[in-house]
S.K.: 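Quick one: the structure is below, questions incoming.
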Amino acid sequence: MKRFSFSKLMLVVGLLFIYLPMLILVIYSFNASKLVTVWGGWSIKWYVGLLDNSQLMGSVMRSLEIAFYTAIAAVALGTLAAFVLTRVTRFKGRTLFGGLVTAPLVMPEVITGLSLLLLFVAMAQLIGWPQERGIVTIWIAHTTFCAAYVAVVVSARLRELDLSIEEAAMDLGARPWKVFFLITIPMIAPSLAAGGMMSFALSLDDLVLASFVSGPGSTTLPMEVFSAVRLGVKPEINAVASLILLSVSIVTFMVWYFSRRAEERRRRAIQQAIEESAAESWKQPDVGRSPSPVSA
């Protein structure tokens, strides 16, 4: 009989610590009672009531919109920054540039949010933009924050690539921009997808930066939830959180499923190529063998 090791025990405790609160949240989203701490039976009325809660649903759609645009912009900027740090090895200010790229990772969000707020106020006084803080300012703040994470993820992948493939393409006449888009980008596509999903999650979850750079009419979901929790958790919040968990789980499963299928197709293609190469080698006649003489 196998003994239950200490490492397995810690693994189970860690998984329970992470996922048990989520399970309790999903269960209480079906609570019929208005008090989230008192169980009143099973009901789906809070999910139905979300359709009438325009304020909460508006904040959800606003957060999803900001997170979507943030993921796109952060992947673009982070990839360019990572490419410069890994491919352009020598230029003046490289150390300073690398420090500026990774600074948001170690900078407290309160300091970053306050700095961006002062920047937007100064810009509004100097050039008249932005006239008011809203979705655009939140998007800019989230992009500057998430681009650092994308740069770190993509840099790690770029350092592992074989440069001989890119050099061979340029030796054959391909221009650098064509090599970047047709060879480098496909090879780092998994890291781009990981950085995009990370940026989307970080933007959707951010509260501190959005609190500094938001304005009237631009309340995000974390801000809405935080303001509601201060007065007491509403059952609709449990329903919204459960729907977000469901959406994230479905997207994660789809990414895993399609990635697995792509990997299986790649392995089958490699195996088929090996088998075809072996079959052709058996069919080819021996070049050095002389033909047998024909008797008269």
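Please read these numbers as outputs of a predicted model, since none were measured by experiment.
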S.K.: Side-chain contact test, heavy atoms from C-beta onward, threshold under 4.5 Å: evaluate it for R94 versus V84 and give yes or no.
M.R.: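 No - every pair of side-chain heavy atoms lies 4.5 Å or more apart.
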
S.K.: If hydrophobic clusters are built from ILVMFWY residues whose side chains come within less than 4.5 Å, do F200 and L221 share one?
M.R.: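 In one cluster with F200: L221, yes.
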
S.K.: Would you say that more than 12 heavy atoms from the other residues, nucleotides or ligands in this model lie under 6.0 Å from the CZ of F91, or not?
M.R.: yes

S.K.: Would you say that R87 contacts L161 through its side chain, given a criterion of any heavy-atom pair below 4.5 Å between the two side chains?
M.R.: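 Yes - at least one pair of side-chain heavy atoms lies under 4.5 Å apart.
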
S.K.: So R261 and E264, salt bridge (charged side-chain N to carboxylate O under 4.0 Å, His left out) or not? Walk me through it.
M.R.: CA-CA 5 Å; R261 287 188 59 183; E264 290 179 354; over 6 Å; no

S.K.: How many angstroms lie between CE in M170 and NZ in K178, if you round to the nearest 0.5 Å?
M.R.: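 Reported value, rounded in 0.5 Å steps: 13.5 Å.
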
S.K.: Report yes if some heavy atom in the side chain of L209 is under 4.5 Å from a heavy atom in the side chain of H142; otherwise report no.
M.R.: yes

S.K.: Is there side-chain contact between L77 and V150, with at least one heavy-atom pair below 4.5 Å?
M.R.: no

S.K.: Heavy atoms only: give me the nearest A239-L50 pair and the separation to one decimal.
M.R.: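 Minimum heavy-atom separation between A239 and L50: CB-CD1, 3.9 Å.
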
S.K.: Quick one: are the ring centres of W256 and F253 less than 6.0 Å apart?
M.R.: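 That pair passes the under 6.0 Å test.
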
S.K.: For residues 99-106, dump all side-chain donor-acceptor pairs below 3.5 Å to protein atoms at least two apart in sequence or in another chain.
M.R.:
{"unit_1": "T102", "atom_1": "OG1", "unit_2": "G98", "atom_2": "O", "d": "3.0"}

S.K.: Can you find a heavy atom in the side chain of F120 that is under 4.5 Å from one in the side chain of I140?
M.R.: yes

S.K.: Just verifying a value: how many Å separate S7 OG and L11 CG, rounded to the nearest 0.5 Å?
M.R.: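 Result: 8.0 Å between the selected atoms.
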
S.K.: Does T137 use its side chain to pair, donor to acceptor, with the backbone of V213 at less than 3.5 Å?
M.R.: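 Checking the backbone N and O of V213 against the side chain of T137, a donor-acceptor pair under 3.5 Å is found.
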
S.K.: Is it true that D162 and S164 share a donor-acceptor pair across their side chains at a distance under 3.5 Å?
M.R.: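 A donor-acceptor contact under 3.5 Å links the two side chains.
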
S.K.: Side chains of I138 and R62: does their closest heavy-atom pair fall under 4.5 Å?
M.R.: no

S.K.: For V26 and S242, which heavy atoms make the closest approach, and how far apart are they?
M.R.: CA-OG, 3.5 Å

S.K.: Would a hydrophobic clustering, with Ile, Leu, Val, Met, Phe, Trp and Tyr connected at side-chain separations under 4.5 Å, put M197 with L245?
M.R.: no

S.K.: How close do F145 and E109 get, counting heavy atoms only, and between which atoms?
M.R.: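 So the two residues come closest at CZ-OE2, 3.8 Å.
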
S.K.: What is the minimum heavy-atom distance between Q131 and G128, and which atoms define it?
M.R.: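 Nearest pair, atom of Q131 first, then G128: CG-O, 3.2 Å.
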
S.K.: Can you confirm whether M223 sits close enough to S211 that some side-chain heavy atom of one is under 4.5 Å from a side-chain heavy atom of the other?
M.R.: yes

S.K.: For the CG atom of N31 and the CH2 atom of W39, what is their distance to the nearest 0.5 Å?
M.R.: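 One gets 5.0 Å once the value is rounded to the nearest 0.5 Å.
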
S.K.: From S29 OG over to W42 CH2, what is the distance, rounded to the nearest 0.5 angstrom?
M.R.: 8.5 Å

S.K.: Within a reach of under 6.0 Å around CD1 of I185, are more than 12 heavy atoms found that belong to other residues, nucleotides or ligands?
M.R.: yes

S.K.: So, for S203 and A67, which heavy atoms are closest and what is the spacing to 0.1 Å?
M.R.: OG-CA, 3.4 Å

S.K.: Compare every heavy atom of A32 with every heavy atom of K45, then report the nearest pair and how far apart it is.
M.R.: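 That closest heavy-atom pairing would be NZ-O, 2.9 Å.
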
S.K.: If I take atom CD from residue E236 and atom CD from residue Q55, how far apart are they, to the nearest 0.5 angstrom?
M.R.: 11.0 Å

S.K.: Report yes or no: do I18 and I244 belong to one cluster of Ile/Leu/Val/Met/Phe/Trp/Tyr joined by side chain heavy-atom distances under 4.5 Å?
M.R.: yes

S.K.: Could you measure the distance from the CZ atom of F180 to the OG1 atom of T79? Nearest 0.5 Å is fine.
M.R.: 6.5 Å

S.K.: Got a sec: does the CE of M123 have more than 12 other heavy atoms crowding it under 6.0 Å?
M.R.: yes

S.K.: Could you tell me whether the side chain of T143 reaches within less than 4.5 Å of the side chain of Y69, counting heavy atoms only?
M.R.: no

S.K.: Would the distance check show the side chain of S218 and the main-chain N or O of S214 forming a donor-acceptor pair, the cut-off being under 3.5 Å?
M.R.: no

S.K.: Run the side-chain contact (heavy atoms from CB on, under 4.5 Å) check on I111 and S115 step by step: do they pass?
M.R.: CA-CA 6 Å; I111 304 301; S115 302; 4.2 Å; yes

S.K.: Could you go through I188 and L158, starting from their C-alpha distance and side-chain angles, then the distance that decides it, and tell me whether this counts as side-chain contact (heavy atoms from CB on, under 4.5 Å)?
M.R.: CA-CA 7 Å; I188 64 173; L158 284 173; 3.7 Å; yes

S.K.: So if you build clusters from Ile, Leu, Val, Met, Phe, Trp, Tyr with side-chain heavy-atom gaps below 4.5 Å, do I72 and W139 land together?
M.R.: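 Looking at the clustering, W139 is in the same group as I72.
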
S.K.: In chain order, what residues pass the ring pair (Phe, Tyr, Trp, His ring centres under 6.0 Å) check against Y47, with sequence neighbours excluded?
M.R.: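 Listed in chain order: F30.
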
S.K.: Are F83 and F97 in one and the same hydrophobic cluster, where Ile, Leu, Val, Met, Phe, Trp and Tyr link if side-chain heavy atoms are under 4.5 Å apart?
M.R.: no

S.K.: Would you sort out whether Y149 and L202 count as a side-chain contact (heavy atoms from CB on, under 4.5 Å), showing the intermediate values?
M.R.: CA-CA 10 Å; Y149 288 89; L202 290 172; 3.7 Å; yes

S.K.: Please step through side-chain contact (heavy atoms from CB on, under 4.5 Å) for the pair L56 and S59, ending with a clear verdict.
M.R.: CA-CA 5 Å; L56 185 59; S59 62; 4.0 Å; yes

